[in-house]
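The structure appears below as structure tokens.
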Amino acid sequence: MENHSRVPNVEVAAILYEVADLLEIKGVRFKPQAYRRAALAIETLPESVADVAREGDLDEIPGVGRAIAAKIREILETGSLGYLSALREEIPEGVQHLTRLEGIGPKKAIALSRELGVRTVDDLEAAGLAGRIRDLPGFGEKTEANILASIRVSRTAQERRLLGEILPVAREIERRLASLASVRQVSLAGSIRRRKETIGDVDILATSYWPDEVMEAFATLPGVERVLVRGTTKTSVALSTGIQVDLRVVEDGHFGAALQYFTGSKEHNIAMRKLAIARNWRLNEYGLVDPATGRAVAGEDEAGIYRALGLAWIEPELREDRGELEAARAGTLPDLVGYDAIKGDLHVHTRWSEGAHSIEEMAQAARTLGYEYIAICDHAEGLRIARGLSPGRLADQVREIERINRESDGEFTVLSGTECNIGMDGTLDLPDSLLADLDVVVASVHSGFKQSESEMTERVLTAMQNDHVDIIGHPTGRILLSREPYRIDLAAVFDAAATLGVLMEINAFPGRLDLSDVNARAALGVGVRFSVASDAHRRENLRCMELGVATARRGWLSAGDIANTRPLPELRRILRS
DNA sequence: GCCGTTTTCGGCCCGACTGTTTTCAGTCG
């Protein structure tokens, strides 16, 4: 009999995060940090926090001491936390909403609530339009105008956007800045350099001896709608698309320190600064400095800073304070899969089902990318909405692929395949006799997302038992910013995948990135191997492979963990074993 | 509330920008 100790890690973490937010609003010092640290550790824990609690090992989680361990146990047993309820009672209703507005922190939110009785953003807007904010102590006309502007921005701009949407925009700005005569070096920084799956705003770093010229050029780039902040080292603008871009300009000699600092993550940097303090140094965006002598120990390049702190250089994708500093000290950082390591794409659609291009067009585009092979995995009959192929049509497609390979120069191979549908009971929508003739069988869930966790887990495990299944496609079904993953016991799925030799897909489509970085790392930990695949529906989509590789890198994967970094003969052996 | 290459107690990351202030608090990243 299951008790409710299946509260997912993310829910436990969410409660602790809210406690941190409310404590911060109360003006409590240091505790918010402690709760956030514990929440982050639980969010990224490879195993279920409920299992850890059952073993009595909660206090072994970094950042979890006696007090927070007790609160976690309460959450696991009751599904809620009395301490949080009490905090909610204490904080005036709505203050939390107000702090989400740019420029309003805990102090201003409390003042607005206490003095004006503001409860909602709508209340706040009414007070601002009536000119009642400017008379509060510590506020003025400009603050009032800024608050009204923040409300307008919050109504148009989305909170976060897909990496795949932002990356091209950021690269275009980077390119324009690099072309300025006054700019010496320029780099993307922040979460976009770390290739996080969603991005709040774009951070760019440049070096120059004429920062004012750079800032002027930046503030007048095409697409800039509003200048939010304008200084000599930092300028922030809002693009007409609602995307915020921050540019920092420093001198050349500080490039490494500034790049390290502005790349983050915040948690990674805090851990770095603690290492500096332990050596009686200081780390900031201008360098690693010995305060006793005022001399810079390092700062021109990133590697020098890591080296001075006794660490190997850490790839940006790993900088989340998830153990990378310890690994860098011990010399056990993974040799991350390179962006150029992919030799083929194992999940591609064509015009035969819902794709836009022919098999030959997709193959030609893949060849242009330097690939050696591509697997055509159109939907099967179960997905009528995607014009899935009947067994007869699929047999036709296999013959067509054979013809294309026969007529090719032999340097590129089209593999036959399918993305078959895993039915509600785990059965596949193609007969085994046909699956046996295909090179690559991807099996994915496309419907019935509301099943219970045990039903969904059983369903996927059943599909994996089929000897012909090589890969589980987009294993959690999530759609970033719109659909939550379905409930499934991933630990059980990963164990089975490792045992059966079934690959887990890291689907590189911009809105999926499924498995996620954290899930991929958990799977890696139990010996799972992967396919990183574009799920392309047209030629241009093949390029989103980059996003999947980024996710794999954030999940600590090496090339050897990914089947489609292997040359074709070796790939064939992996698929058949 | 956590934690220890200074520590089981006394610390806890650091600087830029803005606005309302006459020397600094609040906010952000």
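Every chain is numbered from 1, with letters handed out A, B, ... down the list of sequences.
Using a 4.0 Å cut-off, some side-chain N or O of A:T233 falls inside it from OP1 or OP2 of B:dC17. Within the structure, every side-chain polar atom (N or O) of A:S236 is placed at least 4.0 Å from both OP1 and OP2 of B:dC17. For B:dG1, the OP1/OP2 oxygens have no side-chain nitrogen or oxygen of A:R29 closer than 4.0 Å. A sub-4.0 Å separation between OP1 or OP2 of B:dT18 and a side-chain N or O of A:N146 is absent.
Residues A:Q260 and A:N269 have side chains that bring a donor and an acceptor to within less than 3.5 angstrom of each other. Side-chain N/O atoms of A:T143 and A:N146 include no donor and acceptor closer than 3.5 Å. Judged purely by distance below 3.5 Å, without hydrogens or angles, the side chains of A:D335 and A:S558 never pair a donor atom with an acceptor atom. Of the N and O atoms on the side chains of A:E43 and A:Y17, at least one donor lies less than 3.5 Å from an acceptor on the other residue.
The gap from the P atom of B:dC12 to that of B:dT7 amounts to 15 Å, rounded to the nearest Å. For B:dT8 and B:dC3, the P atoms lie 16 Å apart once the distance is rounded to whole Å. To the nearest whole angstrom, the two P atoms, one in B:dT27 and one in B:dT20, are 13 Å apart. Rounded to whole Å, the P atom of B:dT6 lies 27 Å from the corresponding atom of B:dG1. Rounded to whole Å, the separation between the P atoms of B:dC9 and B:dC14 comes to 25 Å.
In this entry the distance linking CG of A:L40 with P of B:dC2 reads 15 Å, nearest Å. One interatomic measurement links the two molecules: CZ of A:R282 to P of B:dC14, which rounds to 5 Å at whole-angstrom precision. Between the CZ atom of A:R226 and the P atom of B:dT18 there is a distance of 13 Å, given to the nearest Å. Whole-Å rounding puts the A:L87 CG to B:dG1 P distance at 10 Å. The interatomic distance linking A:W281 (CH2) with B:dC14 (P) rounds to 15 Å, in whole Å. The nearest whole Å value for the distance from the CG atom in A:L16 to the P atom in B:dG1 is 12 Å. Distance, A:R37 CZ to B:dG1 P: 16 Å, rounded to whole Å. When rounded to the nearest whole Å, the span between NE2 of A:H254 and P of B:dA16 equals 11 Å.
When the options A:E315, A:R319, A:R521, A:R322 are evaluated for a side-chain contact (heavy atoms from CB on, under 4.5 Å) with A:R554, the one that passes is A:R322. Considering A:Q33, A:R36, A:K31 in turn, A:R36 is the only one that fulfils the side chain to side chain donor-acceptor pair (under 3.5 Å) rule with A:E24.
In this structure, of B:dG15, B:dC3, B:dT20, it is B:dG15 that holds the atom nearest to the side chain of A:N284. Comparing B:dC17, B:dG19, B:dG1 against the side chain of A:I68 picks out B:dG1 as the nearest. Counting only heavy atoms from C-beta on, A:Y286 has its side chain closest to B:dG15 among B:dC17, B:dG1, B:dG15.
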If you restrict it to nitrogen or oxygen atoms, what contacts under 3.5 Å exist between nucleotides 4-8 of chain B and the protein, and what is each distance?
from	atom 1	to	atom 2	distance (Å)
B:dT6	OP1	A:A278	O	3.0

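Contact record, A:T235 with A:F218: O-CE2, 3.6 Å, taken as the closest heavy-atom pair. Nearest approach of A:N541 to A:F509, heavy atoms of both residues: OD1-CE1, 3.8 Å.
Between A:E197 and A:L547, the closest side-chain pair of non-hydrogen atoms is not below 4.5 Å.
Toward the 5′ end of DNA chain B lies the nearest nucleotide of A:A69, the other residue of the pair A:Q33 and A:A69 mapping further downstream. Residue order along DNA chain B, read from the 5' end via each residue's closest nucleotide, puts A:F30 first among A:F139 and A:F30.
Across every strand in view, B:dT18 sits in a pair with B:dA25 that passes the Watson-Crick or G-U test at under 3.5 angstrom.
Counting non-hydrogen atoms under 4.0 angstrom, A:N269 reaches nothing in the nucleic acid. Within 4.0 Å of A:P62, counting heavy atoms only, lie sugar-phosphate atoms of the nucleic acid but no base atom. Within the nucleic acid shown, A:E141 comes within 4.0 Å of sugar-phosphate atoms alone, with no base atom in reach, counting heavy atoms only.
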Nucleotides 22-29 of chain B: protein proximity per nucleotide (B base, S sugar-phosphate only, - neither; heavy atom, under 4.0 Å): ----SSSB
Worked check of side-chain hydrogen bond (donor to acceptor under 3.5 Å, both in side chains) between A:T551 and A:D517: CA-CA 5 Å; A:T551 303; A:D517 52 0; over 6 Å; no
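Note: A:L124 CG to A:L116 CG = 8.5 Å, rounded to the nearest 0.5 Å.
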